[in-house]
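Beneath this line is the structure, given in structure tokens, with notes to follow.
Just the heavy atoms: all of them, side chains too, but no hydrogens, waters or symmetry mates, feed the values below. When a ligand or atom number is given, it counts from 1 through the structure's own listing order. Residues: numbered from 1 along the sequence shown.
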Amino acid sequence: MTALPDDKGYYGDYGGRFVPDTLMAPLIELEAAYNAATKDAMFWDEYKSLLKNFIGRETPLQHAARLTAHLGGAKIYLKREDLAHTGAHKINNAIGQILLARRMGKTRIIAETGAGQHGVATATAAAAFGMECIVYMGAEDMARQAPNVFRMELLGAKVVAVESGSRTLKDAVSEAMRDWVSNISNTFYLLGSALGPHPYPKMVRDFQAVIGAEAKEQIMAAENRMPDSIIACVGGGSNAIGIFSAFVDDKNIKLTGVEAGGHGIKKGSHAARFSGGTPGIFQGMKTYILQDNDGQAELTHSVSAGLDYTGVGPEHAWLHDSQRASYAYVTDDEAVAAFHLLSKTEGIIPALESSHAIAHAVKTAPQLPKDHIMIVNLSGRGDKDIGIIQRYAEEQA
Ligand SMILES: *Cc1c(COP(=O)(O)O)cnc(C)c1O
């Protein structure tokens with residue numbers, strides 16, 4: 001795996017720790033605790049045992065035979081993170097961080113959530129460990145993802161509606177950081193993606209690296225060789241960095257991250273940071289962000305709440321600039337079409353986030369030879385999105 005970040009949390013120019021003084025102390029405490037945990041075999045043994053017995057890993061790597069035949073090109077495999085407990089990859093990280101919280105003696109867990117998937121994963125982990133849990137969520141996202149709000153409450157979490165700004169994920173992040181500053185002694189901030197100030201991007205990547213590690217073993221078992229390409233959707237970037245991490249050292253493997261193109265690359269209509277964004281500082285890190293000339297965050301849009309975010313994880317900014325990975329986008333329409341296609345050809349209803357990765361495969365696989373092996377990370381299941389799909393169809397009609 002890559003040696004980055006350096007000990008200040010930089011991936012080339014990106015990452016770092018751009019926070020007010022009040023947040024420095026808890027971040028340094030967290031970093032020290034994480035560094036100690038990484039050297040403790042018992043910590044990883046317990047994490048691995050929970051991956052198996054609580055999350056149900058490993059998740060399958062499935063040859064998508066009918067999708068492959070339909071597209072008529074590359075041989076497509078799906079990494080089935082939708083089959084992980086709670087229905088998405090986010091639980092891998094939530095379980096890792098909650099183990100760290102317990103090790104640090106923290107009893108109160110706070111989190112932010114966009115699609116609600118990270119909130120559900122956090123509430124699940126907190127319930128399983130008997131900890132208090134408060135989840136900040138943009139009011140707009142709460143309306144879009146009502147079933148996940150109810151799910152979190154069933155799991156014993158308190159969901160706090162955030163009414164500021166665009167009432168989406170970035171506003172929820174700000175609110176969670178505010179809470180953390182005021183309640184440092186007993187509170188652990190469980191961040192949901194590979195972003196924010198150091199050490200979060202590294203820590204979240206490490207907890208999601210299991211996706212890539214499994215996929216590598218599984219493709220070797222199935223094909224007796226490494227894949228030619230990997231495709232994953234990129235919101236904050238955790239499922240993508242999790243699967244990329246096992247393959248990044250092998251330069252022959254093409255890595256593609258897929259961002260939300262929304263209604264197309266016009267201001268306020270998308271969340272494709274590498275197509276419409278520029279480097280800047282945002283919520284504790286230096287990375288690509290969607291910003292106006294004054295450095296103010298622009299509004300973003302995506303049909304998928306989990307990809308609808310202003311900034312991207314800093315390791316992706318580094319992979320982008322160093323050209324080790326490339327970043328494409330697909331529009332809402334293309335993602336929704338891929339959602340329907342996977343449902344009908346494979347009997348798998350994908351999350352709208354994951355549908356972006358599928359849509360990129362739909363666009364590119366037909367031009368590739370039949371012996372090209374492509375792995376698409378299916379980051380989550382789409383049950384949470386069926387209401388959105390229904391409304392989408394009504395609006396088109
Ligand atoms: C949250 C979410 C994403 C986007 O988050 P990343 O950190 O970029 O992985 C993608 N897919 C699903 C199913 C999600 O819930």
Exercise for the section: Could you tell me whether some N/O pair between Gly236 and ligand 1 is separated by less than 3.5 angstrom? Expected result: yes
Handout entry: Contact atoms of ligand 1, heavy-atom distance to Gln117 under 4.0 Å
Key = 15 (O)
Completion exercise
Ranking Arg381, Lys90, His356, Gln208 by closest non-hydrogen atom to atom 15 (O) of ligand 1, top hit is Lys90
Exercise for the section: Go through the side-chain N and O atoms of Gln208 and Lys90 and say whether any donor and acceptor fall under 3.5 Å apart. Expected result: no
Practice task
Provide the number and element of each atom of ligand 1 under 4.0 Å from a heavy atom of Gly235.
Solution key: 8 (O)
Fill in the blank from the handout: atom 4 (C) of ligand 1 has as its nearest protein heavy atom Gly306 O, 3.5 Å
Handout entry: Location of contacts on His118 toward ligand 1, heavy atoms closer than 4.0 Å
Key = neither
Problem - Residues Gln117 and Asn148: side-chain donor-acceptor under 3.5 angstrom - result: yes
Practice task
Would you please indicate yes or no on a ring centroid separation below 6.0 angstrom for Tyr47 and Phe207?
Solution key: yes
Handout entry: Minimum-distance protein heavy atom relative to atom 7 (O) of ligand 1
Key = Ser193 OG, 2.5 Å
Practice task
If you have a sec, work out which protein heavy atom is nearest atom 11 (N) of ligand 1 and how many Å separate them, to one decimal?
Solution key: Ser379 OG, 2.7 Å
Problem - Min N/O separation Gly380 to ligand 1 under 3.5 Å - result: no
Which pairs would a plain distance check flag for residues 387-397, meaning a side-chain donor or acceptor within less than 3.5 Å of a matching protein atom at least two apart in sequence or in another chain?
unit_1 : atom_1 : unit_2 : atom_2 : d
Tyr392 : OH     : Asp333 : N      : 3.3
Tyr392 : OH     : Asp333 : OD1    : 2.2

Exercise for the section: Would you check whether Ser354 has a nitrogen or oxygen atom less than 3.5 angstrom from a nitrogen or oxygen atom of ligand 1? Expected result: no
Exercise for the section: Report, in ascending order of atom number, the atoms of ligand 1 lying under 4.0 Å from any heavy atom of Cys233. Expected result: 10 (C)
Exercise for the section: Using only heavy-atom distances, determine whether the side chains of Glu259 and Tyr309 contain a donor-acceptor pair under 3.5 Å. Expected result: no
Exercise for the section: Before signing off on this row, confirm whether Gly237 and ligand 1 have an N or O atom pair separated by under 3.5 Å. Expected result: yes
Practice task
Using distance alone, decide if ligand 1 has a nitrogen or oxygen within less than 3.5 Å of any nitrogen or oxygen in Ser238.
Solution key: yes
Problem - Pairs flagged by salt bridge (charged side-chain N to carboxylate O under 4.0 Å, His left out) wherever residues 356-382 is involved - sequence neighbours left out - result: Glu334-Lys363, Arg381-Asp383
Exercise for the section: For atom CD of Glu217, decide whether the heavy atoms of other residues, nucleotides or ligands shown that lie under 6.0 angstrom number more than 12. Expected result: no
Problem - Working for side-chain hydrogen bond (donor to acceptor under 3.5 Å, both in side chains), residues Ser379 and Glu353 - result: CA-CA 8 Å; Ser379 54; Glu353 292 82 6; 5.8 Å; no
Handout entry: Atom indices of ligand 1 within 4.0 angstrom of Ala351 heavy atoms, with elements
Key = 13 (C)
Problem - Ring center gap for His270 and Tyr329 short of 6.0 angstrom - result: no
Handout entry: His89, any N or O under 3.5 Å of ligand 1 N or O
Key = yes
Exercise for the section: Count the heavy atoms of every other residue, nucleotide or ligand shown that sit under 6.0 Å from CD1 of Ile386, and state whether that count exceeds 12. Expected result: no
